[in-house]
Amino acid sequence: MADPLKIDIQSEIGRLDAVLLHRPGAEVENMTPRNVQRALYSDILNLSIARHEYGQLYGTLSKLAKVYEVSDLLVRVLEQWKPRADLIHRICVAEDVMPYLDTLMGLDSAELARVLIEGLPARVDTLTSYLRNEYYALYPLYNFYFTRDAAVTIGNQALVCRMANKVRMRESLIMDAIYRHSGAFSCSVTDPNLLPESSPVIMEGGDIIIAREDILIIGNGVRTTPQGIDFMIEQFRRGNPHGTYHILVQQLPSEPESFIHLDMVFTLLDRDKCMVFKPLIMQANQYQTVHITIEEGNVSGIRPVSGLLKALKTLGMDLKPIICGGSHDWDQEREQWHSGANFFSFAPGKVLTYARNIHTLEELDKEGFEIVKSADFISGKADSIVYGDRPCALTIDGSELPRGGGGPRCMTMPLSRRKVDW
């Protein structure tokens with residue numbers, strides 16, 4: 001077995017060396033219009049098209065970095081008796097399916113990994129189970145291809161997230177087991193899912209942006225509570241007992257649902273550029289930005305500031321905003337809905353995005369980004385552009401994947417990045 005990868009994430013834009021992905025599988029189609037809302041989707045997906053689109057993301061990242069896959073690492077965990085038993089017990093308790101524990105433990109590792117992701121059909125052998133009228137005992141993990149949300153890598157730490165919706169809790173339990181027991185990674189692990197069920201501590205990875213070694217930006221909205229942010233700050237300050245660090249908290253609207261995470265309205269593209277949804281990030285509104293300062297391991301100040309971009313500028317990050325959707329309000333709303341602000345950077349000035357958001361791409365073009373189809377890079381036609389010095393945006397098709405409510409950043413969990421020369 002190869003030596004474990006040391007988790008090392010100090011920015012959003014450092015050149016990517018390793019990433020964790022999960023290809024969408026049968027779990028995506030194991031839903032109907034009746035349960036699509038429970039799945040946290042706005043529509044049902046066509047799996048064959050979603051897989052084709054995801055193949056462009058996967059193929060691109062495979063040329064750029066080492067790719068780890070959730071399902072492979074999960075099998076490695078399940079092949080070890082104690083980690084398998086601990087994980088299955090946690091899942092059965094959390095999802096109230098203890099009668100299925102022996103069934104699950106009796107499956108071989110590959111089949112068990114499949115069932116934990118794609119779902120376990122319920123036995124209909126009692127009146128209670130019959131009247132419950134549920135096809136699944138363990139629901140499919142419909143959202144697992146959004147690997148960003150269930151755990152966050154900050155420095156050499158893996159913070160397992162405590163998800164806002166119970167239907168996604170199993171994702172976090174699996175990620176905790178992978179980081180601890182797959183043998184693939186070297187890092188410390190913190191899991192707030194051990195807190196009491198009534199705890200208000202909630203956080204998801206789409207709300208957490210590592211702007212620079214000393215700056216975290218965290219969204220406070222429907223998926224990340226103030227208590228969740230306080231929990232993260234406590235872990236962060238303990239892990240960084242020396243020096244000065246800054247936490248910028250950006251409040252988010254509770255609706256529409258496309259504002260689900262901070263990375264749906266703000267992402268970093270380069271050392272000096274960012275993608276923004278203008279009405280929230282650049283215009284006056286009721287949503288606060290709060291600057292929290294940590295000095296020598298202690299919180300030394302909490303104060304309101306006049307907007308995220310201004311706060312970053314005072315900290316030495318003078319970012320030029322590129323507007324999601326361009327200059328017209330109508331296009332801004334439409335393209336933000338389709339994850340037009342959700343970019344994944346694989347190197348400074350090198351980003352992944354959806355091809356469908358044409359007004360956003362036009363804004364990137366004006367700022368000197370060369371627009372390249374991912375298929376052309378995968379085939380080798382665009383290597384000179386992607387590996388060159390100019391900024392570029394690689395586009396993937398996005399008719400089905402955005403229906404799940406996320407973009408390229410949501411679908412990628414960076415594990416190791418090179419240091420940025422600021």
Side-chain angles (χ1 to χ4, degrees), residues 9 11-16 19 21 53-54 56-58 60-61 64-65 145-149 205-212 217 219 250 258-278 280-282 308-309 312 317 319-326 331-332 334-374 377 385-386 390-398 401-402 404-414 417 420:
I9 298 294
S11 76
E12 286 288 311
I13 63 170
R15 185 171 294 277
L16 186 70
V19 64
L21 302 176
E53 294 172 356
Y54 192 88
Q56 296 174 21
L57 175 83
Y58 190 99
T60 296
L61 292 175
L64 296 165
Y145 73 92
F146 296 129
T147 53
R148 176 72 60 163
D149 292 335
D207 278 321
I208 303 163
I209 292 175
I210 301 95
R212 203 172 63 191
I217 310 172
Q250 177 62 56
S258 61
F259 286 18
I260 189 171
H261 290 134
L262 176 63
D263 65 9
M264 295 297 281
V265 295
F266 176 87
T267 45
L268 291 167
L269 309 177
D270 204 341
R271 297 175 183 86
D272 59 352
K273 294 182 181 67
C274 59
M275 179 61 62
V276 305
F277 179 59
K278 184 177 179 180
L280 183 63
I281 301 300
M282 297 178 63
L308 186 55
L309 295 179
L312 286 167
M317 293 189 71
L319 301 175
K320 181 172 184 178
I322 299 176
I323 310 301
C324 169
D331 295 326
Q332 291 170 13
R334 284 180 57 84
E335 297 201 357
Q336 188 278 329
W337 177 267
H338 288 298
S339 304
N342 189 273
F343 279 71
F344 177 72
S345 172
F346 56 86
K350 311 281 187 178
V351 297
L352 272 164
T353 185
Y354 284 135
R356 68 183 299 161
N357 295 313
I358 57 174
H359 300 288
T360 303
L361 292 176
E362 288 171 356
E363 294 301 303
L364 284 167
D365 179 68
K366 293 175 186 176
E367 293 298 327
F369 284 76
E370 189 155 357
I371 312 303
V372 180
K373 292 182 179 179
S374 287
F377 174 58
I385 299 171
V386 177
R390 286 190 59 193
C392 66
L394 293 177
T395 64
I396 62 174
D397 294 338
L401 291 176
R409 187 179 190 271
C410 302
M411 293 185 285
T412 47
M413 181 66 260
R417 291 183 182 271
V420 176

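The CD1 atom of Ile396 sits 4.5 Å away from atom CE of Met411, with the distance rounded to the nearest 0.5 Å. How far CD of Glu53 is from OH of Tyr354: 7.5 Å, rounded to the nearest 0.5 Å. Put simply, CG on Leu269 and CE on Met275 are 5.0 Å apart, with the number rounded to the nearest 0.5 Å. Here the straight-line distance linking atom CD of Gln56 with atom OG1 of Thr395 works out to 7.5 Å at 0.5 Å rounding. In this structure, Arg409 CZ and Ser339 OG are separated by 12.5 Å, a value rounded to the nearest 0.5 Å. Atoms CZ and CD1, from Arg212 and Ile217 in turn, are 10.0 Å apart once rounded to the nearest 0.5 Å.
Residues satisfying the side chain to side chain donor-acceptor pair (under 3.5 Å) criterion with Asp149, sequence neighbours excluded, are Arg168. In terms of the side chain to side chain donor-acceptor pair (under 3.5 Å) criterion, residue partners of Tyr58 (sequence neighbours excluded) are, by chain and number, Arg23, Glu69.
The side-chain heavy atoms of Ile323 and Gln332, taken from C-beta on, include a pair separated by under 4.5 Å. Side-chain contact between Ser374 and Leu352 is present, with heavy atoms from C-beta onward closer than 4.5 Å. Gln250 has its side chain out of reach of Asp207: every pair of non-hydrogen atoms, C-beta onward, lies at least 4.5 Å apart.
In this structure, the side chain of Arg148 engages the main chain of Thr412 through a donor-acceptor pair within 3.5 Å. Side-chain atoms of Arg334 never come within 3.5 Å of backbone atoms of Gly325 as a donor-acceptor pair (strictly under, hydrogens ignored).
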- Would Phe346 and Val351 satisfy side chain to side chain contact (heavy atoms under 4.5 Å, CB included), going step by step from the backbone distance to the final call? CA-CA 6 Å; Phe346 56 86; Val351 297; 5.6 Å; no
- Item | Evaluation steps, side chain to side chain contact (heavy atoms under 4.5 Å, CB included), between Phe343 and Thr360 | CA-CA 11 Å; Phe343 279 71; Thr360 303; 4.0 Å; yes
- What do the steps show when you test Glu335 against Ile358 for side chain to side chain contact (heavy atoms under 4.5 Å, CB included), and what is the final call? CA-CA 8 Å; Glu335 297 201 357; Ile358 57 174; 4.0 Å; yes
- Verdict with supporting geometry, Phe369 and Glu363, side chain to side chain contact (heavy atoms under 4.5 Å, CB included): CA-CA 9 Å; Phe369 284 76; Glu363 294 301 303; over 6 Å; no
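When all heavy atoms are compared, the tightest approach of Arg390 to Lys350 is O-NZ, 2.6 Å. Heavy atoms only, all atoms of each residue included: Leu262 and Gly219 are closest at CD2-N, 3.7 Å. Of all heavy-atom pairs spanning Ala211 and Ser11, the tightest one is O-CB, 4.3 Å. Leu21 and Thr147 get closest at one heavy-atom pair: C-CG2, 3.9 Å. Looking at every heavy atom in both residues, Val276 comes nearest to Pro321 through CG2-CB, 3.9 Å. Smallest separation of non-hydrogen atoms from Met264 and Ala341: O-CB, 3.4 Å.
Residues in residues 268-277 take part in no salt bridge (Lys or Arg N to Asp or Glu O under 4.0 Å) pair, two or more places apart or across chains.
Counted within 6.0 Å of CZ on Arg356, heavy atoms from surrounding residues, nucleotides or ligands total more than 12; the atom is thus considered enclosed.
When each of Ile13, Leu16, Thr267 is checked for a side-chain contact (heavy atoms from CB on, under 4.5 Å) with Phe344, only Leu16 meets the rule. For the side-chain hydrogen bond (donor to acceptor under 3.5 Å, both in side chains) test with Asn342, the passing option among Thr353, Asn357, Asp263 is Asp263; the others fail.
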